[in-house]
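The next block holds one structure in the form of structure tokens; read it before the comments.
Numbering starts at 1 and runs along the sequence shown. The shown structure was predicted, so the numbers you read here are calculated from the model rather than taken from an experiment.
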Amino acid sequence: MIDFGELDRIRAKIGGCDRDVVLVAACKTQDKATVDRLMAYAPDLTLGENRVQELTAKYDPRYRWHFIGRLQTNKVKYIVDKTELIHSLDRMELAAEIDRQAAKRGKIQSCLVEVNVGGELSKGGVSPQETESFIRRAAAFANIGISGLMAVMPNLEDKEKLHALYADLQRLYENMKQINLQNVEMKYLS
């Protein structure tokens, strides 16, 4: 069920920010009818899906779509023509496949580099230390645009430690904004 009141409260908070904010509504496990109701109410939202099969089942070209989940290389072909932004670029073989599929469609696919801020082995993402090198290598692909960073954060009870990790991520993002490369425009921090 959609809580339109809560959505309105969140949008009001965002409206008061001094930064550009893109609100992405994660629609995983929601059916197409629910997605359509949401978009009828708030057509300016961007939709985020974390499973390729769900994205292709719900896809409607009237809506803006982001892919927010871990992406397998063999599934890129199903979403590259449907998504504005892929949030989970974390391996060179994935970059190569995104580039290949985007080239077939004559597009530059915007991507966020997934950073594993907490260093958890069970999660994807490049390490903070490898981020710049990864961006430099991924930027060499003609059909990929690096648009920012997406954090994979650990599930911590310790709020101070979590805030410190977010501060580290912000510093990393600011440093990556200084990279002067074609195909790199650090617009988003997710």
Side-chain angles (χ1 to χ4, degrees), residues 14 17 19-28 35 39 42-56 58-117 123-128 130-153 169-170 172-190:
I14 290 171
C17 286
R19 298 181 181 189
D20 289 335
V21 175
V22 176
L23 180 59
V24 179
C27 58
K28 61 183 187 175
V35 170
M39 296 309 286
D44 58 323
L45 282 179
T46 298
L47 297 170
E49 185 53 72
N50 72 330
R51 291 198 170 104
V52 170
Q53 296 86 340
E54 286 195 42
L55 190 147
T56 57
K58 296 174 202 169
Y59 179 73
D60 186 319
R62 296 175 297 168
Y63 310 148
R64 287 180 309 280
W65 292 91
H66 287 191
F67 188 78
I68 58 176
R70 182 145 183 143
L71 183 56
Q72 297 173 4
T73 54
N74 66 338
K75 304 259 175 112
V76 171
K77 62 188 167 201
Y78 301 115
I79 66 156
V80 81
D81 61 335
K82 296 173 177 59
T83 57
E84 287 185 5
L85 186 64
I86 295 173
H87 288 231
S88 51
L89 177 57
D90 66 348
R91 336 179 272 295
M92 273 304 123
E93 63 263 17
L94 179 58
E97 184 61 16
I98 291 170
D99 180 68
R100 191 170 79 77
Q101 294 297 333
K104 283 182 181 180
R105 291 154 179 85
K107 78 177 274 191
I108 294 176
Q109 177 64 61
S110 293
C111 297
L112 301 182
V113 172
E114 182 178 327
V115 181
N116 187 336
V117 179
K123 294 184 178 175
V126 299
S127 72
E130 297 171 326
T131 302
E132 182 174 349
S133 171
F134 184 87
I135 288 172
R136 289 183 180 282
R137 289 181 301 163
F141 290 104
N143 294 91
I144 290 181
I146 304 297
S147 300
L149 304 178
M150 186 274 282
V152 177
M153 299 301 271
L169 177 68
Q170 181 68 43
L172 179 62
Y173 173 73
E174 294 301 329
N175 289 338
M176 295 305 102
K177 284 174 77 170
Q178 304 309 311
I179 294 176
N180 187 16
L181 288 173
Q182 188 172 349
N183 296 341
V184 176
E185 182 184 2
M186 290 283 157
K187 298 189 312 188
Y188 304 113
L189 179 59
S190 172

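Considering all non-hydrogen atoms of both residues, V52 and I79 come closest at CG1-CG2, 3.8 Å. Contact record, A139 with V184: CB-CG2, 3.5 Å, taken as the closest heavy-atom pair. Residues R91 and Q72 approach most closely at NH2-CA, 4.0 Å, considering heavy atoms. Shown here for L94 and T73, the closest heavy-atom pair between the two residues is CA-CG2, 3.6 Å. Between I14 and V21, the shortest heavy-atom distance links the atoms CG2-CB, 3.6 Å. Considering all non-hydrogen atoms of both residues, V24 and L47 come closest at CG1-C, 4.0 Å.
Counting non-hydrogen atoms of other residues, nucleotides and ligands closer than 6.0 Å to CD of Q182 gives a total of 12 or fewer. Within a 6.0 Å sphere centred on NZ of K107, other residues, nucleotides and ligands contribute more than 12 heavy atoms. Atom OH of Y188 is surrounded by 12 or fewer heavy atoms from other residues, nucleotides or ligands within 6.0 Å. Dense packing is recorded around OH of Y173, with more than 12 heavy atoms of other residues, nucleotides or ligands lying under 6.0 Å away. Counting heavy-atom neighbours within 6.0 Å of R51 CZ, excluding the residue itself, gives a total of 12 or less.
K82 places a side-chain heavy atom less than 4.5 Å from the side chain of T56. Taking 4.5 Å as the limit, every side-chain heavy atom of E49 sits out of range of all side-chain heavy atoms of T83. Here the side chains of V126 and I135 are not in contact, with every heavy-atom distance at 4.5 Å or above. Side-chain contact check for F134 versus L89: some heavy-atom pair is nearer than 4.5 Å. Contact of the Q109 side chain with the N143 side chain is not registered, since no non-hydrogen atoms from C-beta on lie closer than 4.5 Å. The shortest side-chain heavy-atom distance between E114 and H87 does not fall under the 4.5 Å cut-off.
Using a cut-off of 4.0 Å between Lys/Arg side-chain N and Asp/Glu carboxylate O, D90 and R70 are scored as salt-bridged.
Remark: the backbone N or O of G69 is paired with a side-chain donor or acceptor of S88 at under 3.5 angstrom. Side-chain N or O atoms of N116 include none that pairs as donor or acceptor with a backbone N or O of G125 at under 3.5 Å. Checking side-chain atoms of N183 against main-chain N and O of F141 turns up a donor-acceptor pair under 3.5 Å. A distance-only check finds a donor-acceptor pair linking the side chain of K58 to the backbone of C27 [under 3.5 Å]. Judged by distance alone, the side chain of K77 and the main-chain N or O of E97 form no donor-acceptor pair under 3.5 Å. Judged by distance alone, the side chain of T131 and the main-chain N or O of P128 form a donor-acceptor pair under 3.5 Å.
S147 contributes atom OG, which lies 5.5 Å from atom CG of L85 (distance to the nearest 0.5 angstrom). Within the model, atoms CD1 of I179 and CD of E132 stand 4.5 Å from one another, a figure rounded to the nearest 0.5 Å. In this structure, H66 NE2 and L112 CG are separated by 8.0 Å, a value rounded to the nearest 0.5 Å. Taken to the nearest 0.5 Å, the CG atom of D99 stands 11.0 Å off from the CE atom of M92. Separating the CG atom in L181 from the CE atom in M176 is a distance of 10.5 Å, to the nearest 0.5 Å. In this structure, CG on D60 lies 7.5 Å from CH2 on W65, to the nearest 0.5 angstrom.
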Report task. Could you go through the side chain to side chain contact (heavy atoms under 4.5 Å, CB included) check for Q53 and K75 one step at a time? Result -> CA-CA 9 Å; Q53 296 86 340; K75 304 259 175 112; 2.9 Å; yes
